[in-house]
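Structure record follows, encoded as structure tokens.
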Amino acid sequence: MLKDKILVIGASGQIGVELTMALRKIYGNANVVASDLREENELLKGTGPYVSLDVMNKEMLHVQVIRQNITQIYLLAAILSATGEKNPNLAWNLNMQGLLNVLDIAREEQVQKVYWPSSIAVFGPTSPKKNCPQQTIIEPITVYGISKYAGEFWCNYYNRRFNVDVRSLRYPGLISYKSEPGGGTTDYAIDIFNCAVESNSYKCYLKEDTYLPMMYMPDAIRATIELMEAPVEKISVRTSYNISAISFSPAEIAASIKQYVTSFKIKYKPDYRQTIAESWPQSIDDSVAENDWHWKPEYDLQKLTVDMLKNIKKN
Ligand code: NAD
Ligand code: SER
């Protein structure tokens with residue numbers, strides 16, 4: 001059997017930095033190649049190999065996969081929901097063609113496993129708002145959501161038709177402090193912590209009672225690795241698994257922060273992201289992931305608030 005050699009595409013992004021570091025701990029620094037279109041993230045410098053790579057350049061990607069004897073690919077390069085609405089063509093091209101390039105190369109080179117994240121953005125206004133199930137009405141209204149839903153079916157297709165072992169999670173909004181978020185609708189739940197520490201106040205672009213599914217980054221990284229390490233016979237979903245941890249509104253996260261930053265103040269000035277947020281479910285049913293590979297979150301709002309504030313102050 002080939003030794004594991006992993007390529008992370010989009011490694012300088014919000015998830016990429018932490019996922020690369022976690023994979024390097026498991027597989028060894030030299031066996032996890034970080035790659036991105038932009039420069040190497042400061043936190044990754046000196047911790048393992050880095051290559052500059054554009055996922056849209058299929059030849060260049062193919063050469064890297066062969067040259068580095070890659071056995072697993074984690075594809076994180078994408079344009080997220082809010083940025084996607086500003087440039088729908090760019091978002092569609094990157095999110096679709098990037099995935100198809102990776103799936104084709106994985107098929108040709110018999111890469112053992114591929115990871116590609118989907119999102120709660122696949123759901124739309126006609127999906128159930130509470131405990132949104134794995135299989136339900138799915139009519140996304142953003143270009144990001146459309147690209148993720150189409151991507152899920154490409155993953156399913158490459159698995160069934162060509163036996164590519166591609167696995168996927170529908171991440172909720174991810175909250176973290178190590179690297180900057182990349183332009184999502186849920187980014188307010190990160191900005192609010194930075195502003196609370198810097199200036200004791202925050203102007204929120206969502207209404208105070210907008211509930212969204214969220215997750216702290218350590219849970220998301222663990223979910224990703226647990227999914228990828230699960231025995232193949234446990235994977236019953238080849239589109240993308242629902243996963244969930246917590247749901248809260250801007251008013252609730254503000255109240256949680258106020259327990260520790262007592263002078264914290266929040267104002268609300270909703271913008272175009274309100275329509276996107278309102279189109280998504282407020283909470284997600286992840287019982288299929290729980291049954292298949294025993295997914296269970298660890299962080300609630302209280303635990304996340306304490307950890308975020310502690311680390312942002314430290315940094
Ligand atoms: P991000 O924007 O922070 O990072 C994406 C990275 O991809 C960036 O470093 C960017 O430079 C890189 N990139 C862009 N175009 C590229 C190209 N052509 N070739 C190579 N690299 C390129 O995004 P993220 O938040 O880390 O998200 C990673 C994945 O997870 C995406 O597929 C996203 O849709 C999904 N996701 C994220 C969240 C979240 O809350 N962060 C939630 C649901 C799903
Ligand atoms: N956090 C992401 C976004 O808001 C959800 O996929 O775009």
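Atoms within each ligand, like the ligands themselves, are counted from 1 in listed order.
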### Task
Please confirm whether Pro172 comes under 4.0 Å of ligand 1, counting heavy atoms of the residue only.
yes
### Query
Short list, please: which atoms of ligand 2 are under 4.0 Å from a heavy atom of Ser119?
5 (C), 6 (O)
### Task
State the atoms of ligand 2, each with its element, that fall below the 4.0 Å cut-off from a heavy-atom position in Ser81.
3 (C), 4 (O), 7 (O)
#### Entry: Nearest protein heavy atom with distance in Å, relative to atom 23 (O) of ligand 1
Leu80 CD1, 3.4 Å
### Task
Give the contacting part of Lys148 toward ligand 1: side chain, backbone, both or neither, where contact means a heavy-atom distance below 4.0 Å.
side chain
## Note on the structure
closest protein heavy atom to atom 4 (O) of ligand 2 is Thr185 N, 2.7 Å
### Task
Give a yes/no verdict on whether any heavy atom in Trp280 is under 4.0 Å from an atom of ligand 2.
yes
### atom 1 (N) of ligand 2: nearest protein contact (heavy atom, Å)
Thr186 OG1, 2.7 Å
### Summary
With heavy atoms and a 4.0 Å threshold, my read on which part of Trp116 contacts ligand 1 is neither
### Message
I want to confirm something. Looking only at heavy atoms, which of Pro117, Ala91, Ala121 is nearest to atom 35 (C) of ligand 1?
### Response
Pro117
### Summary
Quick note on ligand 2: atoms under 4.0 Å from a heavy atom of Leu80 include exactly 2 (C), 7 (O)
### Query
So which heavy atom in the protein is nearest atom 40 (O) of ligand 1, and how far is it from that ligand atom?
Leu174 N, 2.9 Å
## Note on the structure
A student checking ligand 2 against Tyr144 at a 4.0 Å heavy-atom cut-off should list atoms 6 (O), 7 (O)
### Query
Does ligand 1 have an atom that lies less than 4.0 angstrom from a heavy atom of Gly183?
no
